[in-house]
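One structure is given here, and the rest of the page talks about it.
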Amino acid sequence: MTKIIDKSNLSDAALCLKNGGTVVFPTETVYGLGADALKEESVDKIYAAKGRPSDNPLIIHIADKEDIKNIALEITDDAQKLIDAFWPGPLTMIFKKRPEINNKVTANLNTVAVRCPVNEIARELIRQSGVYVAAPSANLSGSPSPTTLKHVVDDLDGRVDYIIDGTGCEIGIESTVLDVSGDEFKILRPGKITFDDIKKVTERIKNDYIDIKNVKTAQCPGMKYTHYSPKAKVIVVEGDIDKTKSYIQEKLDSKKDTTGVIAYKNSNFENSDFTVCFSDMNEYAAMLYETLRIFDEKNVKTIYAQFKEESGIGVAVKNRIYKSAGYDVINL
Ligand code: TXA
Ligand code: MG
């Protein structure tokens with residue numbers, strides 16, 4: 001049975017982690033499904049609870065950034081600068097792994113993903129447990145990452161030992177994943193910490209992340225799976241706001257199914273069954289997964305997501321909506 005507990009009562013959950021169990025906890029990005037990263041049997045429980053393929057490696061979460069030296073084989077000066085600049089925070093870094101890190105958590109790669117979250121509940125839980133915590137997003141594999149307690153309960157009640165009811169997830173999409181294991185640093189998954197943020201700290205990053213329509217890039221092993229997908233069919237309508245608005249309005253005028261619209265910059269739509277409007281990219285990121293889940297609950301069959309390319313966190317929003325649409329993108 002899953003116990004749902006309050007953040008004021010972390011000690012039982014921390015003990016559960018220490019003893020090899022599974023605990024869902026909030027972070028500043030999305031909820032994570034945690035277990036002891038250094039115990040293979042515990043890591044197995046994560047894959048089982050999520051229904052996640054075991055060739056998709058996990059991020060190890062630490063509360064104290066000094067602990068990185070026990071996980072990474074080498075930390076270059078530039079990687080250290082990034083740690084100093086962005087930890088604790090929503091940046092995951094890929095390092096060459098120390099030999100004692102098990103192959104379950106890294107899915108047999110010789111690298112390991114590590115992140116030091118800023119969310120206080122996450123940090124306190126990890127600290128109290130005394131273990132490093134492997135944690136993917138706490139959703140069933142394939143569905144959008146959870147940003148509220150309800151999302152977690154809908155997906156994982158009965159499949160984990162503890163769920164912590166906490167505040168957080170204000171960013172709303174997963175951390176930036178940056179590979180710092182080679183000479184050139186590469187963004188494998190865009191997020192709140194942007195290319196420009198990283199570039200200010202190190203010259204070893206040359207290019208921003210590029211999402212290419214119809215090309216399912218699989219730089220992070222996990223990125224090759226259909227991710228972030230609701231049950232509804234998502235169609236991204238991208239480009240000039242007036243053009244995308246007219247295109248979506250035409251579709252709504254001849255729609256046959258229950259249809260939802262994610263509107264951008266205050267576009268108004270008629271004949272839409274449900275419309276949610278985002279006024280900037282931070283809001284788009286914060287509310288995207290919640291909106292996809294609400295549309296599913298309302299039995300929406302088709303979702304038109306109006307989108308306009310933007311730098312910064314817009315790169316991450318684009319990546320997530322492209323993926324939830326299975327790269328079904330209309331460019332106008
Ligand atoms: O914000 C986040 O990062 C959340 C919270 C809970 O911390 N976690 C999260 O974990 O999004 P997950 O498992 O859903 O996504 C981790 C991504 C996957 O795409 C995985 O393939 C990639 O990181 N990854 C993990 N280890 C890797 C490695 N050694 N090399 C390349 N990619 C790796
Ligand atoms: Mg995930």
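Whatever order the structure lists ligands and atoms in, that order sets their numbers, starting from 1. None of the values given here were measured: they were computed from a predicted structure.
Taking each of Leu91, Thr29, Asn110 in turn, the one with a heavy atom nearest to atom 1 (O) of ligand 1 proves to be Thr29. Ranked by closest heavy atom to atom 3 (O) of ligand 1, the top entry among Pro136, Cys169, Ser175, Pro57 is Ser175. Closest to atom 8 (N) of ligand 1 by heavy atom, among Gly32, Ser181, Ala135, is Ala135.
A salt bridge is defined here as a Lys NZ or Arg NE, NH1 or NH2 lying under 4.0 Å from an Asp or Glu carboxylate O, and Asp84 with Lys81 fails to meet this definition.
Checked against a 3.5 angstrom limit, the closest N/O atoms of Tyr31 and ligand 1 fall outside it. At least one N or O atom of Arg52, backbone or side chain, sits closer than 3.5 Å to an N or O atom of ligand 1.
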Stepwise salt bridge (Lys or Arg N to Asp or Glu O under 4.0 Å) test for Asp328 and Lys233: CA-CA 9 Å; Asp328 194 346; Lys233 165 115 197 76; 2.9 Å; yes
Trace of the salt bridge (Lys or Arg N to Asp or Glu O under 4.0 Å) decision for Lys318 with Asp211: CA-CA 8 Å; Lys318 175 173 170 172; Asp211 239 303; over 6 Å; no
Verdict with supporting geometry, Arg293 and Asp154, salt bridge (Lys or Arg N to Asp or Glu O under 4.0 Å): CA-CA 10 Å; Arg293 283 182 181 253; Asp154 285 349; 5.1 Å; no
Candidate pair Asp36 and Lys39, rule salt bridge (Lys or Arg N to Asp or Glu O under 4.0 Å), full reasoning: CA-CA 6 Å; Asp36 184 345; Lys39 265 196 213 115; 3.4 Å; yes
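Annotation for ligand 1: atoms under 4.0 Å from non-hydrogen atoms of Leu109 are 28 (C), 29 (N), 30 (N). For ligand 1, the atoms closer than 4.0 angstrom to any heavy atom of Thr111 are 28 (C), 29 (N), 30 (N). Those atoms of ligand 1 that come under 4.0 Å of a heavy atom in Ile94, given as number and element, are 27 (C), 28 (C), 29 (N), 30 (N), 31 (C), 32 (N), 33 (C). Proximity to Leu188 (heavy-atom distance under 4.0 Å) selects the following atoms of ligand 1: 31 (C). Close approach to Ile59 involves these atoms of ligand 1, each under 4.0 Å from a residue heavy atom: 3 (O), 8 (N), 9 (C), 10 (O), 16 (C).
Summarising the geometry of Asn268 relative to Lys245, their closest heavy-atom pair is O-NZ, 3.0 Å, with the distance given to 0.1 Å.
The proximity of Ser137 to ligand 1, defined as any non-hydrogen pair under 4.0 Å, involves the side chain as well as the backbone. Residue-level proximity to ligand 1 for Asn56 is carried by the side chain, the only part with a heavy atom below 4.0 angstrom. Residue contacts with ligand 1 for Thr106 are absent, since no atom lies close enough (heavy atoms, distance under 4.0 Å).
A side chain to side chain contact (heavy atoms under 4.5 Å, CB included) with Arg159 holds for exactly one of Leu156, Asp161, Asp155; it is Leu156. Across Val24, Val23, Val152, a single residue satisfies side chain to side chain contact (heavy atoms under 4.5 Å, CB included) together with Ile164, and that is Val23. A salt bridge (Lys or Arg N to Asp or Glu O under 4.0 Å) with Glu174 is found for exactly one of Arg115, Lys323, Lys192, Arg320, namely Arg320.
Distance check for Ser145 against the Mg ion (ligand 2): none of its N/O/S atoms falls below 2.8 Å.
Looking only at atom types and distance, the side chain of Ser175 has no donor-acceptor partner in the side chain of Thr29 under 3.5 Å away.
Using 4.0 Å as the threshold, His61 has a heavy atom nearer than that to some atom of ligand 1.
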